[in-house]
Amino acid sequence: MKFQNVKGTRDFYPEEMVRRNWLMGMWRKISRRHGFAEYDGPTFEYLELYTAKSGDGIVSELFNFEDRGGRQLALRPEMTPTLARMVAARANALPKPIKWFAVPNFFRAERPQRGRLREFLQWNVDIIGAAGEAETLADAECILVAVDFLRSAGFSPEQVEIRISSRALLAELLNCLGVENERHPATYTLLDKKEKQPDEVWQEELRRSGITPDQQQHLTQLAGARGAEAHRVIQNTLKTSTSPDGAAYAQLQQLFVYLRALGVADYCVFDLGVVRGLAYYTGVVFEAYSKGTLQRAICGGGRYANLLSAMGGGALSGVGFGMGDVIVLDQLAEMNLLPDSALSFDCYVAVEEQVDTVHLLKLVSLLRMKLGLACNYSYKSTSLKKQVAEAASQQVKYLLIMGTQLQLKNMQSGQQQLVAEHLDWSTAAAETELLSRLKQMLGNSPD
RNA sequence: GUGGGUGUAGCUCAAGUGGUUAGAGCACUAGGUUGUGGUCCUAGGGGUUGCGGGUUCGAGUCCCGUCAUCCACCCCA
């Protein structure tokens with residue numbers, strides 16, 4: 001019987017693990033420097049937690065099972081329900097705003113394809129409980145974190161952009177056009193599809209949507225309007241109403257003022273075509289869009305004003321985004337931005353023929369446990385040349401050569417120094433002497 | 001769930017229209033170059049050609065099924 005990994009899952013051999021750890025490290029570093037605290041929850045929850053948010057239809061999309069007590073459980077397909085549950089449990093005790101992030105693995109029973117697997121990692125960043133004016137600050141900070149990551153990973157504004165819009169603004173505009181509230185969700189879906197299908201198909205769907213020809217014409221102008229053009233279209237639309245609201249429009253303009261102040265405006269573009277598929281977004285919506293050969297969203301997020309209360313979490317508004325590792329790594333690879341994934345250790349001890357293995361082990365143990373260095377040596381007695389070659393293949397910074405003398409070689413500079421003329425393991429004092437000598441030489445060597 | 005492409009060594013690929021014992025490079029292992037940078041030389045291990053059936057004197061090659069994988073659709077938290 002030959003086994004293989006389950007469809008849609010990945011094995012992480014050391015080389016891939018280096019990349020994965022690099023990405024997770026970036027996510028954590030970026031999150032922390034913007035003042036976010038890491039949290040996590042269980043890998044599985046009660047099935048109802050997910051059906052409560054997304055309806056029974058979600059069940060076919062997730063891995064669910066029954067435990068021995070007959071309870072219906074499911075592997076987590078996303079973090080928001082868990083987050084809502086955790087926040088709800090301590091809603092009154094947690095200081096606001098709550099700025100949390102997580103880098104969990106998720107499971108979805110979907111058909112795998114490029115950029116989508118059945119188990120994947122996703123960076124989740126949320127700010128919950130910022131109210132009033134502070135909402136826009138939180139929106140800006142969320143987008144800032146996303147841009148900071150993309151820029152730090154090496155994406156240029158030519159390679160990726162953050163497309164930003166607002167559901168609240170769209171609602172305002174639809175009201176001006178006289179589209180009834182109950183038609184808003186369907187209209188959002190329509191707008192969302194504008195760029196994803198041929199124009200004739202979209203126009204056909206528009207005709208069948210049940211809104212008036214006049215409304216259809218305005219909607220065509222709105223959909224996909226970007227930057228200055230979007231502002232012009234909005235101003236024209238607001239004029240068509242006798243009592244325009246304009247609050248959401250003002251808020252969105254304020255958001256862009258903040259983004260300019262934060263220095264990330266070059267990555268951001270106002271784009272009315274961004275809607276996001278999720279029903280629960282109520283305010284700002286945004287996505288990072290890759291402009292590579294495979295054009296697609298790298299991350300997506302937005303403001304959800306009612307989600308937590310709908311899940312028993314109290315009247316707290318939140319804003320957040322998620323970024324999956326599969327697409328990010330895919331896009332980084334395409335743009336040649338992935339770091340070197342070779343193994344690397346701190347040092348390697350090579351021995352000449354006459355060296356006693358017991359002495360070798362004593363030195364290795366000093367390096368590993370007293371100096372805390374990641375250190376390797378060969379189990380076999382092979383030529384010095386092969387040991388040096390192996391050291392080089394492990395990308396070590398230092399090579400220690402043990403013979404009658406002990407020498408230290410800096411593998412980057414090629415410089416070699418004498419550590420000790422003779423190695424004396426007979427007394428504890430001699431060992432301490434050697435240790436401090438090594439500490440000094442390794443500590444002072446330039447990396 | 002629908003449609004399409006692809007399955008030969010760990011990886012990248014060979015093997016005229018069916019024809020002897022399925023090959024190469026890289027990687028891996030061992031030995032050598034008596035030793036300080038991924039070298040070079042030699043040797044070796046590794047394959048039921050995804051699996052099952054069929055056609056045939058004979059199938060990696062043709063046919064059917066199945067599984068896996070990739071791509072697109074659906075969906076996208």
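Letters A, B, ... are given to chains in the order of the sequence lines, protein chains preceding strands, and every chain is numbered from 1.
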Legend entry - For A/R28, all residues meeting salt bridge (charged side-chain N to carboxylate O under 4.0 Å, His left out), sequence neighbours excluded: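 Applying salt bridge (charged side-chain N to carboxylate O under 4.0 Å, His left out) to A/R28 gives A/E38.
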Legend entry - salt bridge (charged side-chain N to carboxylate O under 4.0 Å, His left out) involving A/E119 - partner list, sequence neighbours excluded: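 Once residues adjacent in sequence are excluded, A/E119 has no partner under the salt bridge (charged side-chain N to carboxylate O under 4.0 Å, His left out) criterion.
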Polar pairs (N or O, both sides) under 3.5 Å between protein and nucleotides 67-70 of chain B?
{"from": "B/rA68", "atom 1": "O3'", "to": "A/Q4", "atom 2": "NE2", "distance (Å)": "3.4"}
{"from": "B/rU69", "atom 1": "OP2", "to": "A/K7", "atom 2": "NZ", "distance (Å)": "3.2"}

Legend entry - Ion pair A/K380/A/E390, N-O distance below 4.0 Å: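 So A/K380 does not pair with A/E390 through a salt bridge.
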Legend entry - Residues A/E135, A/R303: salt bridge by 4.0 Å N-O rule: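 A salt bridge is present here (some side-chain N lies under 4.0 Å from a carboxylate O).
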Separation of [N] [atom2] from [X] [atom1] (nearest whole Å):
| X | N | atom1 | atom2 | value |
| --- | --- | --- | --- | --- |
| A/M402 | B/rU36 | CE | C1' | 17 Å |
| A/E16 | B/rG10 | CD | C1' | 12 Å |
| A/Q394 | B/rG37 | CD | C1' | 13 Å |
| A/L75 | B/rA77 | CG | C1' | 15 Å |
| A/E15 | B/rG10 | CD | C1' | 12 Å |
| A/R296 | B/rC76 | CZ | P | 14 Å |
| A/Q354 | B/rU34 | CD | C1' | 12 Å |
| A/I327 | B/rA77 | CD1 | C1' | 13 Å |

Inset, instruction - Please confirm whether any donor atom in the side chain of A/K409 sits under 3.5 Å from an acceptor in the base of B/rG37, or the reverse. - result: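 Side chain to base: pair present.
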Inset, instruction - Can you check whether any acceptor in the base of B/rU34 is under 3.5 Å from a donor in the side chain of A/E353, or vice versa? - result: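 Under the 3.5 Å cut-off, the side chain and the base do not form any donor-acceptor pair.
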Inset, instruction - For residues A/Q216 and A/I211, report the shortest heavy-atom separation together with the two atoms involved. - result: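 Closest approach of A/Q216 to A/I211, heavy atoms only: NE2-O, 3.1 Å.
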Which part of the nucleic acid, if any, lies within contact of [X], taking any heavy atom under 4.0 Å across all strands shown: a base, the sugar-phosphate backbone alone, or nothing?
| X | answer |
| --- | --- |
| A/R276 | sugar-phosphate |
| A/Q122 | nothing |
| A/M411 | base |
| A/E61 | base |
| A/S393 | base |
| A/E390 | nothing |
| A/G300 | nothing |

Legend entry - A/T136 side chain to A/Q251 side chain, donor-acceptor N/O pair below 3.5 angstrom: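 A/T136 vs A/Q251: donor-acceptor pair found between side chains.
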Inset, instruction - Rounded to the nearest 0.5 Å, what's the gap from CD on A/E334 to CD1 on A/I327? Could you check? - result: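 Nearest 0.5 Å value for the CD-CD1 distance: 12.0 Å.
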Legend entry - Residue mapping more 5' on RNA chain B - nearest nucleotide basis, A/L399 or A/K386: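 Between the two, 5'-proximity favours A/K386.
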Inset, instruction - Map A/G414 and A/Y280 onto RNA chain B by nearest heavy atom, then report which one ends up closer to the 5' terminus. - result: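 It is A/G414, whose closest nucleotide lies nearer the 5' terminus.
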Legend entry - Neighbour count above 12 (heavy atom, 6.0 Å) for A/Y258 OH: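 Result for OH/A/Y258: enclosed.
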All N/O donor-acceptor pairs, side-chain side in residues 355-370 of chain A, below 3.5 Å, sequence neighbours left out:
{"from": "A/D356", "atom 1": "OD1", "to": "A/V358", "atom 2": "N", "distance (Å)": "2.9"}
{"from": "A/R368", "atom 1": "NE", "to": "A/C375", "atom 2": "O", "distance (Å)": "3.0"}
{"from": "A/R368", "atom 1": "NH2", "to": "A/C375", "atom 2": "O", "distance (Å)": "2.9"}

Expressed as a whole number of Å, how far does the [atom1] atom of [N] sit from that of [M]?
| N | M | atom1 | result |
| --- | --- | --- | --- |
| B/rA59 | B/rG54 | C1' | 11 Å |
| B/rG31 | B/rA22 | P | 30 Å |
| B/rU55 | B/rG45 | P | 37 Å |
| B/rA9 | B/rG4 | C1' | 29 Å |
| B/rG23 | B/rU49 | C1' | 12 Å |
| B/rG18 | B/rC57 | C1' | 12 Å |
| B/rG10 | B/rG5 | P | 27 Å |
| B/rG58 | B/rU20 | C1' | 11 Å |

Legend entry - Where RNA chain B forms stems, i.e. three or more consecutive Watson-Crick or G-U pairs with both distances under 3.5 Å: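 Stem list for RNA chain B: B:1-7 with B:67-73, B:10-13 with B:23-26, B:28-32 with B:40-44, B:50-54 with B:62-66.
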Inset, instruction - Please say whether the positively charged group of A/R118, taken as NZ for Lys or CZ for Arg, lies over the ring of A/F63, i.e. under 6.0 angstrom from the six-membered ring centre and within 45 degrees of the axis. - result: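 Judged by the rule (NZ or CZ under 6.0 Å from the ring centre, within 45° of its axis), A/R118 is not positioned above A/F63.
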Legend entry - Stacked cation flag A/R167 on A/Y281, 6.0 angstrom / 45 deg: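 Ring-cation test returns no.
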Legend entry - Residues forming a side-chain hydrogen bond (donor to acceptor under 3.5 Å, both in side chains) with A/N64, sequence neighbours excluded: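 Partners of A/N64 under the side-chain hydrogen bond (donor to acceptor under 3.5 Å, both in side chains) test: none.
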Legend entry - Matching residue for A/V419 among A/Q407, A/R437, A/Q440 - test: side chain to side chain contact (heavy atoms under 4.5 Å, CB included):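 Per the side chain to side chain contact (heavy atoms under 4.5 Å, CB included) rule, the option paired with A/V419 is A/R437, out of A/Q407, A/R437, A/Q440.
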Inset, instruction - Any pair with a residue in residues 306-340 of chain A that passes ring pair (Phe, Tyr, Trp, His ring centres under 6.0 Å), sequence neighbours left out, goes on the list, sorted by first then second residue, please. - result: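 Residue pairs passing ring pair (Phe, Tyr, Trp, His ring centres under 6.0 Å), neighbours aside: A/W123-A/F321.
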Legend entry - Pairs touching residues 370-391 of chain A that satisfy ring pair (Phe, Tyr, Trp, His ring centres under 6.0 Å), sequence neighbours left out: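 Matches after skipping sequence neighbours: A/Y377-A/Y379.
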Legend entry - Residues which pass side chain to side chain contact (heavy atoms under 4.5 Å, CB included) with A/A333, listed by chain and number, not counting sequence neighbours: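 Expected list: A/L338.
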Legend entry - Pairs involving residues 72-97 of chain A, ordered by first then second residue, that meet side chain to side chain donor-acceptor pair (under 3.5 Å) (sequence neighbours left out):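 For residues 72-97 of chain A, and leaving out neighbouring residues, the side chain to side chain donor-acceptor pair (under 3.5 Å) pairs sorted by first residue read A/D40-A/R76, A/E45-A/T82, A/E45-A/R85, A/K53-A/E78, A/E66-A/Q72, A/R76-A/N105.
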Legend entry - Phosphate OP1/OP2 of B/rA30: any A/K380 side-chain N/O under 4.0 Å: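 Yes.
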Inset, instruction - Ignoring backbone atoms, establish whether A/K53 has a side-chain N or O less than 4.0 Å from OP1 or OP2 of B/rA77. - result: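 The answer is no; no side-chain N or O of A/K53 sits under 4.0 Å from OP1 or OP2.
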Legend entry - Minimum-distance nucleotide (side-chain atoms of A/E78 versus B/rG37, B/rU36, B/rA77):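 Out of B/rG37, B/rU36, B/rA77, the nucleotide with an atom closest to A/E78's side chain is B/rA77.
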So which protein nitrogen or oxygen atoms get under 3.5 Å of nucleotides 43-47 of chain B's nitrogens or oxygens?
none

Legend entry - Members of residues 97-108 of chain A that approach RNA chain B, where some heavy atom sits under 4.0 Å away: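 Result for residues 97-108 of chain A: A/R108, sorted by number.
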